[in-house]
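Notes to accompany the following structure.
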Amino acid sequence: MSATADPDEPLLAALRAAVGARHVLTDPDLTAPHETDWTGRFTGRARAVVRPGDTDEVAAVLRACAAAGVPVVPQGGNTGLVGGGVPGDGEVVISCTRLDALDPVDLEAAQVTVGAGATLARVQAHARAAGLAFPVDLGARDSATIGGMVATNAGGVRVLRYGAMRAQVVGIEAVTAAGRVVRRLSGLVKDNAGYDLPGLIAGSEGTLAIVTRVRLRLAPAWAQRVVALVAVDGVAAAQRVLAAVRGEVAALEAAEFMFADGVELVCSVSGTTPPFPQPAPAYLLLECADRADPTDALAGALADLPEVRDVAVATDGPGRARLWALREGHTEAINSLGVPIKLDVSLPASALPGFAERVPQVVQAIDPGARTVLFGHLGDGNLHVNVVGADASGHAIDDAVLRLTVELGGSISAEHGIGRAKLPWMALHRDTDDVAAMRAIKAALDPTGLLNPDVLFPPEA
Ligand code: FAD
Ligand code: MLT
Ligand code: ZN
């Protein structure tokens with residue numbers, strides 16, 4: 001009697017022919033790290049994880065999946081926080097981490113072309129070695145890839161000076177669902193011939209094309225840096241301090257916000273000493289960078305501000321890293337308490353203080369045992385709402401917080417994207433005609449819904 005044939009075998013054979021058997025993973029021990037997101041909230045099953053090594057292999061994989069009618073999920077470093085890079089039920093995960101080649105830095109243009117699978121930390125180091133800087137920065141730098149960051153239009157801690165990821169993209173190479181390659185890597189700063197496809201692919205969360213290479217703009221590598229941790233009474237006080245510093249110090253490149261409970265959590269999880277002998281209700285972390293030492297300019301801007309309760313300043317590398325650890329430690333410290341509900345929102349500046357006051361009450365009203373930790377990128381009006389100790393499989397808290405956000409004129413996604421996490425609330429924030437226009441673009445580029453079919457758009461009624 002012959003064994004029952006595996007219905008996936010023809011597809012798996014085509015994938016092996018495309019990338020080599022070594023790079024088609026089906027063993028559950030090997031696929032598991034690709035099937036659950038960083039937070040642990042989103043998990044699914046991959047038919048296979050495929051690791052193409054170049055653009056032609058990406059195109060061949062897409063053609064094989066299209067022929068088999070099996071959708072794909074592009075994945076980079078799997079550090080996304082909205083479940084957009086993990087499979088639902090039986091998609092092929094295309095892991096882009098082998099697309100990691102770095103071209104030499106083009107010093108005249110202050111640009112570099114890198115593979116989509118290169119990590120942020122490698123690209124930063126590569127630019128630094130050439131005397132320039134890649135200015136986007138975020139805590140997941142050792143794992144997050146340039147392709148994933150472009151796909152999510154990642155923000156990070158320096159948006160107020162340099163913009164988010166889309167603003168760094170001079171060009172893109174990407175493969176569409178039909179296996180066709182859009183290649184715009186000339187590095188031309190001015191090139192108005194037709195639609196801005198790189199700009200459209202940036203932020204499309206893997207629903208329009210698979211990014212294979214990216215041409216990035218680079219910035220000066222500032223020789224001098226200063227970080228100040230400013231103790232304040234709350235959001236409104238922090239906003240006033242930020243407005244004063246922003247108005248005076250052109251070298252300002254980060255303005256991050258934290259509450260006392262978040263800083264206490266980070267200190268207790270990491271075993272570090274709190275920043276001041278007496279805790280303050282909230283903290284603003286400021287970083288300035290320039291050719292000449294910006295410390296005096298920052299000190300001058302902070303002097304005499306009544307909102308400033310205390311300041312800790314660091315100019316040396318280890319000192320700056322200690323202050324930054326209080327802010328960057330939030331994500332891991334929160335995850336250590338259990339699977340969090342993470343809602344990344346932005347609000348008009350005038351609504352931010354009221355939002356920060358109301359959110360914990362809104363959460364408490366739904367689940368009195370839940371704990372809310374808020375922090376974020378104050379310079380961008382971006383708060384991260386993290387709820388722990390609540391049922392992360394439910395939607396009541398997401399719903400209440402996102403409704404409050406929209407009621408106050410904000411966005412349901414500031415920098416993390418919609419992914420799977422926020423599908424049900426897309427229509428809260430974007431009206432029917434807006435969603436229809438986006439769906440038409442998706443249908444034109446991916447008519448069969450091959451690319452990340454469960455991301456960005458809720459199923460049509
Ligand atoms: P993945 O998680 O693998 O994928 C993310 C999305 O991009 C998915 O929809 C996926 O399908 C798609 N995708 C991935 N690669 C490609 C490709 N080559 N082509 C097309 N689509 C692709 N985000 C911020 O914006 N700001 C922050 O400050 C920030 N800090 C973070 C700190 C920590 C500790 C962690 C864990 C995450 C943080 N993030 C932050 C979220 C995350 O790092 C970013 O969303 C990042 O851009 C994801 O990159 P990735 O390579 O891990 O992508
Ligand atoms: C951050 O700003 O640290 C990130 O966006 C990650 C998070 O929201 O936890
Ligand atoms: Zn963030």
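Each ligand, and each atom within it, is numbered from 1 in the order the structure gives. Keep in mind the model is a prediction, meaning the values are calculated, not measured. The figures that follow rest on heavy atoms only: side chains count, while hydrogens, waters and symmetry mates do not.
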Could you list the atoms of ligand 1 found under 4.0 angstrom from a heavy atom of [X]?
X: Gly206; answer: 20 (C), 21 (N)
X: Gly156; answer: 26 (N), 27 (C), 28 (O)
X: His377; answer: 28 (O)
X: Val211; answer: 17 (C), 18 (N), 19 (N), 20 (C)
X: Gln75; answer: 3 (O), 14 (C), 15 (N)
X: Gly84; answer: 8 (C), 9 (O), 10 (C), 11 (O)
X: Trp38; answer: 36 (C)

Donor-acceptor side-chain pairing of [X] and [Y] below 3.5 angstrom:
X: Asp137; Y: Gln124; result: yes
X: Glu173; Y: Thr55; result: yes
X: Ser411; Y: Ser413; result: no
X: Tyr162; Y: Gln168; result: no
X: Asn78; Y: Asp37; result: no
X: Thr113; Y: Arg215; result: yes
X: Glu57; Y: His23; result: no
X: His384; Y: His330; result: no

Identify, by atom number and element, the atoms of ligand 2 in contact range of Thr331, meaning under 4.0 Å from any of its heavy atoms. 3 (O), 6 (C), 7 (C), 9 (O)
Nearest option to [atom], as decided by whichever heavy atom of [options] sits closest:
atom: atom 20 (C) of ligand 1; options: Gly147, Ala209, Gly417, Ala154; value: Ala209
atom: atom 25 (O) of ligand 1; options: Gly203, Gly155, Ala202; value: Gly155
atom: atom 45 (O) of ligand 1; options: Val82, Asn335, Thr152; value: Thr152
atom: atom 3 (O) of ligand 2; options: His330, Arg327, His384, Glu328; value: Arg327

Protein heavy atom at shortest distance from [atom]:
atom: atom 23 (N) of ligand 1; answer: His416 CD2, 3.5 Å
atom: atom 48 (C) of ligand 1; answer: Thr79 OG1, 3.4 Å
atom: atom 10 (C) of ligand 1; answer: Pro74 O, 3.1 Å
atom: atom 39 (N) of ligand 1; answer: Leu81 CD1, 4.0 Å
atom: atom 22 (C) of ligand 1; answer: Ala151 CB, 3.5 Å
atom: atom 35 (C) of ligand 1; answer: Ala140 CB, 3.5 Å
atom: atom 2 (O) of ligand 1; answer: Gly80 N, 2.7 Å
atom: atom 53 (O) of ligand 1; answer: Gly148 CA, 3.5 Å

Against ligand 2, does [X] come closer than 4.0 Å with any heavy atom?
X: Asp344; value: no
X: His377; value: yes
X: His416; value: yes

Can you establish whether the number of heavy atoms outside [X] located under 6.0 Å from its atom [atom1] is more than 12?
X: Arg45; atom1: CZ; value: yes
X: Glu357; atom1: CD; value: no
X: Glu407; atom1: CD; value: yes

Salt-bridged, Arg327 to Glu287, with N to O below 4.0 Å? no
Distances under 2.8 Å only: what protein N/O/S atoms are near the Zn ion (ligand 3), ordered by chain and residue? His377 NE2, His384 NE2, Glu415 OE2
Heavy atom under 4.0 Å from ligand 2: found in Lys342's side chain, backbone, both, or neither? side chain
Record the part of Val157 in heavy-atom contact with ligand 2 below 4.0 Å; permitted values are side chain, backbone, both and neither. neither
So, is [X] polar-close to ligand 1, with some N/O to N/O distance under 3.5 Å?
X: Thr331; result: no
X: Asn452; result: yes
X: Cys96; result: no

Would you check the N or O atoms of Asn386, main chain and side chain alike, for any that come under 3.5 Å of an N or O of ligand 2? no
